Amino acid sequence: MTERTLVQAVNAALARAMAEDPAVLVLGEDVGTDGGVFRATEGLLARFGPQRVIDTPLAEAGIAGLAIGLAAQGFRPVAEIQFSGFMYATIDQMLNHASRLRTRSRGRITCPMVLRAPSGGGVRAPEHHSESPEAMFAHVPGLRVVVPSSPARAYGLMLAAIADPDPVVVLEPTRLYRALREEVPDDAPPLPLDRAFVLREGSDATVVAWGGMVPEALSAAEALADEGIGCEVIDLATLKPLDEATVLASVARTGRLVIVQEAPLTAGLGAEVAARVAERGLMSLRAPVRRVAGWDTVMPLPRLEQAYLPDAGRIAAAVRETMAFA
Amino acid sequence: MTERTLVQAVNAALARAMAEDPAVLVLGEDVGTDGGVFRATEGLLARFGPQRVIDTPLAEAGIAGLAIGLAAQGFRPVAEIQFSGFMYATIDQMLNHASRLRTRSRGRITCPMVLRAPSGGGVRAPEHHSESPEAMFAHVPGLRVVVPSSPARAYGLMLAAIADPDPVVVLEPTRLYRALREEVPDDAPPLPLDRAFVLREGSDATVVAWGGMVPEALSAAEALADEGIGCEVIDLATLKPLDEATVLASVARTGRLVIVQEAPLTAGLGAEVAARVAERGLMSLRAPVRRVAGWDTVMPLPRLEQAYLPDAGRIAAAVRETMAFA
Amino acid sequence: MDSVAARFEILRRRHLAPDGTACGPWPAFAQDPAALAAMYRAMVRTRAFDQKAVALQRTGRLGTFASSLGQEAVGVGIGAAMRAEDVLVPSFREQGTQLLRGVTMRELLLYWGGDERGSDFAGPRQDFPVCVPVGSQAPHAAGIALAMRLRGEARAVVCVMGDGATSKGDVAEAIDFAGVWSLPLVFVVDNNQWAISVPRRAQTAAETLAQKAVAGGIAALQVDGNDVIAVRDAMEEALARARSGGGATLIEAVTYRLADHTTADDARRYRDDAEVSVHWHEEPVARLRTWLTAAGAWSKAEEDALLAACREEVQQAETDYLATPPQAVASVFDFTYAALPAELARQKAEAVP
Amino acid sequence: MDSVAARFEILRRRHLAPDGTACGPWPAFAQDPAALAAMYRAMVRTRAFDQKAVALQRTGRLGTFASSLGQEAVGVGIGAAMRAEDVLVPSFREQGTQLLRGVTMRELLLYWGGDERGSDFAGPRQDFPVCVPVGSQAPHAAGIALAMRLRGEARAVVCVMGDGATSKGDVAEAIDFAGVWSLPLVFVVDNNQWAISVPRRAQTAAETLAQKAVAGGIAALQVDGNDVIAVRDAMEEALARARSGGGATLIEAVTYRLADHTTADDARRYRDDAEVSVHWHEEPVARLRTWLTAAGAWSKAEEDALLAACREEVQQAETDYLATPPQAVASVFDFTYAALPAELARQKAEAVP
Ligand SMILES: Cc1ncc(C[n+]2csc(CCOP(=O)(O)OP(=O)(O)O)c2C)c(N)n1
Ligand SMILES: Cc1ncc(C[n+]2csc(CCOP(=O)(O)OP(=O)(O)O)c2C)c(N)n1
Ligand SMILES: [Mg+2]
Ligand SMILES: [Mg+2]
């Protein structure tokens with residue numbers, strides 16, 4: 001039995017990747033002796049030494065750029081950004097360089113790096129610590145964006161992200177880091193970086209979620225089952241490229257779609273899911289699409305954070321409305 | 001007669017705002033003696049002096065941050081970012097600070113600044129000069145995002161952006177800077193920052209576009225008119241907040257929606273438009289929504305740029321497909 | 001053939017040695033023991049506040065909090081030198097300065113308790129709120145200082161940051177701006193030797209942090225950051241220069257973080273207690289008390305009264321803080337823009353029907 | 001009481017005076033006139049290329065182009081000092097160095113003509129492509145240098161940027177990294193006095209740009225950037241230090257941009273012709289030719305032959321460039337990822353049926 005929390009699964013995936021491939025490096029603020037502020041890199045310094053577990057100065061744009069240089073030289077750097085709010089400083093490097101090196105040089109120079117960070121709210125963290133920046137990264141051609149929502153998926157997706165020949169952004173939901181344990185064997189395989197996971201089958205409505213919203217979607221589905229409403233719950237997991245086939249197939253069966261996102265509504269990734277269905281699944285829809293999302297407001301400080309965050313109640317209500325549509 | 005190109009209209013709006021309000025400042029790289037690389041600030045230094053037209057060092061994140069400090073002190077800084085690809089470096093400051101000062105301080109400190117930049121492709125510019133970053137900014141609560149598509153709208157929207165009490169990002173389509181002249185009287189009023197413009201009425205299909213894609217949409221509509229297809233062309237103009245009412249009203253009449261965006265497809269602003277209609281206009285739709293967009297690839301260098309850019313032909317084809325849907 | 005293109009010297013200032021004895025001639029303000037006693041009181045008050053905040057966090061009544069234990073001379077030295085009309089652009093460990101400038105303990109607790117109203121302080125209305133993204137406040141400080149310069153005001157801005165912040169590009173850009181426009185701006189690097197678990201030497205190979213100023217051509221000074229007299233003296237000098245058009249200064253105040261990084265941190269994971277113990281011998285509060293006592297300017301009775309007053313003040317602050325009624329959810333919407341856009345009004349109506 | 005915490009001195013190096021006479025003792029490589037003649041040839045070749053590129057742009061057959069007219073000694077001095085196994089991380093005005101490192105004229109024209117294949121050069125496969133976002137290449141250089149250090153290689157990275165770039169936070173962050181890890185990295189600031197229309201003095205108040213190094217605790221040197229011997233000498237010294245574990249250096253090469261910023265610019269809008277004329281007297285090509293001629297190491301016949309060879313080479317490059325068949329539109333899709341994701345395959349199928 002190797003039960004792991006999500007953060008332990010991340011840690012185990014990093015350790016395994018480092019053990020299997022000497023090109024894998026871990027870098028970032030406090031990733032060494034401290035083992036990362038969430039302990040995602042705990043024990044790696046002791047095991048792999050300071051040549052492979054590198055504490056950096058405090059400079060996020062620089063960290064991303066540094067990883068690009070390392071990756072161009074054949075390393076597989078996994079750079080940690082300590083909190084989600086500090087990822088925005090990396091967008092310039094990720095968009096103008098990491099995502100483009102391959103195409104700009106017509107394949108001569110590539111960028112097999114991972115940029116990983118905790119993301120999302122729900123843990124009463126300080127300002128700028130509870131961001132959901134996935135839509136911005138998902139808009140960038142040349143990047144992959146992954147958001148695991150369980151220990152096992154975190155493990156498999158992280159292995160795949162590190163092995164991927166292109167830059168991958170991995171957003172780990174902070175609220176799920178220690179939310180539950182599940183069996184994650186050491187030899188679990190990498191998971192594909194272009195597949196959504198159907199976590200629960202149902203024929204009345206499709207609920208699409210990712211990251212910290214997945215458990216909320218599942219508990220909404222649970223509650224709705226008692227009311228006789230069967231929800232199919234899809235964890236998108238990889239947001240770019242998007243596994244629209246799985247979503248479309250589900251909506252074709254259910255005819256109803258509720259999308260859940262923690263990020264502010266407007267121009268969030270939920271819009272892309274809705275758009276794909278409006279383009280290629282429209283005729284299956286028996287009710288308007290619903291998005292349950294963060295408001296278009298700044299994420300409040302902890303006192304009002306729970307009011308802001310979508311939860312099972314709001315999701316269930318949206319599904320009910322969808323069902324009620326005649 | 002005061003005929004102006006779009007860039008002249010921007011220039012005239014800046015000059016008028018500076019003349020009317022001593023708090024308005026212009027800053028950025030080469031905005032002074034050079035008058036801006038596109039001449040948007042031409043003549044302002046001579047007229048208003050170096051205290052109000054400020055050449056900055058080469059540091060985009062810093063320029064955005066500097067404007068925040070000026071705005072907090074009651075100035076109305078209009079900061080130019082020289083080319084679109086260098087706006088990404090400002091996202092951290094715009095998102096973590098400019099957009100949040102009001103809410104973080106519960107109204108004590110505000111940020112009436114404008115961040116303006118040329119955007120989009122079509123002028124055979126060097127790498128990183130042809131970006132369409134609007135979706136990223138539109139995802140940020142607390143910001144407004146404006147993309148004018150004609151000299152008159154550029155003038156009115158710029159006046160409004162400068163007068164607005166909150167931060168506004170204005171993206172000016174480079175390809176339209178000198179594309180045409182139109183009458184823009186000196187005393188033209190500011191235009192509202194929450195309204196789309198219906199540029200052409202039609203009852204068969206709604207075409208939503210913004211920025212450099214608006215003329216393409218109009219010429220597609222022109223061509224389709226000859227085929228007996230009547231397109232309603234909407235210039236979204238202000239992308240955040242989004243005037244969904246105008247879009248929904250149009251789709252309610254036409255039943256068909258084609259969205260045109262130059263930015264890469266995935267997680268672009270077109271997705272948000274599609275999502276709003278899938279949520280609140282679904283039952284009007286008589287055909288699947290179509291997006292005509294940049295591909296999810298890096299914007300190519302000039303030689304292949306035209307292949308990448310959506311044009312009237314692709315738009316017309318999409319409308320025809322929509323019409324053909326039975 | 002090589003010639004010399006430029007030369008730089010970074011000076012280090014100290015007025016009060018770690019053993020509480022004076023070194024060198026003292027500045028005018030320090031001739032008055034009452035002025036020193038006032039700074040002493042402010043440091044003790046800061047420490048009392050920090051202790052209360054940590055206690056509230058430990059008992060689940062406050063969010064993550066960053067104590068300034070051991071760094072009180074920096075906060076108080078800055079606050080003592082600033083004028084009311086100057087503007088403070090803090091990082092997140094500047095409660096010492098904020099308290100001196102009139103932010104109330106209740107407001108600070110509200111902020112750290114997760115309530116935005118804590119940043120709507122009644123006191124220094126132009127001071128910026130706490131800044132969590134490290135170093136990102138530096139360009140704001142430059143903008144505020146540029147505003148003052150454009151208006152020809154004799155005011156100045158103080159921008160405080162940690163040693164870790166000096167690695168951030170934002171800070172370098174702001175230092176450059178400050179030099180180019182001779183801004184009325186004082187950057188203070190509160191060098192407590194650690195950026196969470198990253199020690200000063202792993203943050204930069206620069207021998208001093210003061211020399212970050214050299215890159216932007218602004219004045220530089222290193223001070224003993226556990227010597228409140230030196231901090232205030234250096235600040236007064238730099239602020240006078242700033243206000244009179246002489247340009248910007250970067251002051252590195254060398255101190256030590258005796259506390260964990262924040263209440264979310266356990267510093268024993270990465271540094272020895274032995275290292276910390278050494279630094280307890282240099283801490284600023286005892287240092288000044290030793291001098292004051294030796295000078296006959298401070299008595300046991302005064303000390304007891306001060307501690308009692310602080311206890312009472314922080315207790316009252318706690319009570320007021322805990323009694324503050326919560327904000328309405330509507331507040332989340334109402335301050336996003338000056339006026340609620342239609343789409344946000346719809347969301348608000350859904351959220352708070 | 002003030003004491004000295006740190007002292008710095010920025011040296012300036014020159015071996016060849018503006019009038020073409022030697023100053024001070026020369027480094028070993030410069031004792032051989034043939035080596036100097038080789039550098040002279042490289043500078044003339046660079047200038048010929050620039051001239052051709054500008055001409056192609058003027059006639060609509062090339063995109064926006066940034067000439068290095070007047071700055072050839074910087075490009076060639078760098079290229080002459082580097083080894084094949086070193087890595088160049090250029091900005092966008094480094095054609096002088098790129099040509100010396102084996103990037104072909106055809107490849108350079110392809111890139112500037114708007115064709116990605118120009119960056120897939122056959123020569124120095126690890127060199128980075130041109131970097132347009134100013135200063136953003138500096139952290140990449142640090143990463144490449146860190147890779148070399150982690151592998152214990154005796155190689156080095158050269159990162160070139162302009163004077164304007166030194167204001168960018170990215171550059172400051174990279175300098176900091178270079179110091180912390182003693183990276184085998186040489187930053188070269190090609191200070192041509194202008195960042196488009198912004199003169200050097202409006203870019204920073206720093207007396208020299210070399211002193212940007214002080215902020216990161218790395219070595220600094222200013223050189224006469226119109227003196228190719230000094231540039232190469234400084235580069236060899238810095239590269240030797242870098243390769244042998246001695247850490248990073250920042251070299252400021254002081255030169256002058258005799259051309260417009262790019263072909264899209266008209267420099268007469270913001271600077272006097274008179275200023276430019278003065279700098280023509282200091283330019284690097286004539287300077288070295290004067291010395292070579294005086295030393296009897298260069299003849300009229302050699303000059304004529306060189307110019308003819310350059311004309312022929314650039315003409316051939318033009319022909320080859322214009323004859324290069326266009327890329328297929330499919331290429332836009334095929335290099336976005338190692339393997340085409342399903343959604344992109346769909347877009348590709350629509351685009352190139
Ligand atoms: C841009 C950014 N990156 C990372 C963090 C997380 N973090 C908070 S404080 C800190 C260390 C700051 O060190 P220093 O600047 O020395 O200030 P100190 O905490 O010692 O006062 C880090 C890494 C942050 N708040 N902002
Ligand atoms: C980040 C960024 N901002 C703005 C620009 C537009 N731009 C191109 S070159 C240039 C000036 C660069 O000056 P400098 O660094 O001195 O290099 P030089 O052109 O003189 O070689 C500017 C502002 C850019 N390319 N990148
Ligand atoms: Mg510190
Ligand atoms: Mg320059």
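For clarity, every value in this text was computed on a predicted model and none was experimentally measured. For the numbers below, each heavy atom of this structure counts, side chains included, while hydrogens, waters and symmetry mates do not. Chain identifiers are assigned alphabetically (A, B, ...) following the order of the sequence lines, protein sequences preceding nucleic acid strands; residue numbering begins at 1 within each chain.
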Heavy-atom contact with chain C under 4.5 Å, split by part of [X]:
X       : answer
E42(A)  : side chain
A125(A) : neither
Q82(A)  : side chain

Would you mind reporting whether [Y] and [X] have side-chain heavy atoms less than 4.5 Å apart?
X       : Y       : answer
L301(A) : D115(C) : no
T204(C) : P57(A)  : no
H261(C) : V37(A)  : no
E116(C) : E127(A) : no
T297(A) : Y337(C) : no
Q203(C) : L58(A)  : yes

| message | Set out, in order, the CA-CA distance, both residues' side-chain angles and the distance that settles side chain to side chain contact (heavy atoms under 4.5 Å, CB included) for E29(A) and V198(C), then state yes or no. | response | CA-CA 8 Å; E29(A) 296 158 13; V198(C) 178; 5.6 Å; no
| request: Give a yes or no on this: more than 12 heavy atoms of other residues, nucleotides or ligands lie within 6.0 Å of atom CD of Q51(C). | output: no
Does any backbone or side-chain atom of [X] lie under 4.5 Å from a heavy atom of chain A? Answer side chain, backbone, both or neither.
X       : value
F65(C)  : neither
I196(C) : both
T336(C) : side chain
A66(C)  : neither

Which atom pair, heavy atoms only, marks the closest approach of [X] to [Y]?
X       : Y       : value
D34(A)  : S197(C) : CB-OG, 3.4 Å
A307(A) : V329(C) : CB-CG2, 3.8 Å
S167(C) : A59(A)  : O-CB, 3.7 Å

What's the spacing between [X] [atom1] and [Y] [atom2] if we round to 0.5 Å?
X       : Y       : atom1 : atom2 : result
E343(C) : W295(A) : CD    : CH2   : 15.0 Å
Y88(A)  : S136(C) : OH    : OG    : 13.0 Å
S331(C) : R303(A) : OG    : CZ    : 11.5 Å

| Test log, rule side chain to side chain contact (heavy atoms under 4.5 Å, CB included), inputs T64(C) and H129(A) | CA-CA 11 Å; T64(C) 303; H129(A) 283 56; over 6 Å; no
| task | Give a yes or no on whether a salt bridge exists between R314(A) and E350(C), defined as a side-chain N under 4.0 angstrom from a carboxylate O. | result |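 The answer is no: the pair does not qualify as a salt bridge.
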| said: Checking the side chain of Q347(C) only, and the main-chain atoms of D296(A) only, is there a donor and an acceptor separated by less than 3.5 Å? | reply: yes
| message | So which residue, P300(A), G85(A), A89(A), ends up with the most heavy-atom pairs under 4.5 Å with chain C? | response |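 Sorted descending by pairs with chain C, the first entry is P300(A).
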| Could you go step by step and tell me if Y270(C) and D55(A) meet the side chain to side chain contact (heavy atoms under 4.5 Å, CB included) rule? | CA-CA 12 Å; Y270(C) 52 79; D55(A) 270 336; over 6 Å; no
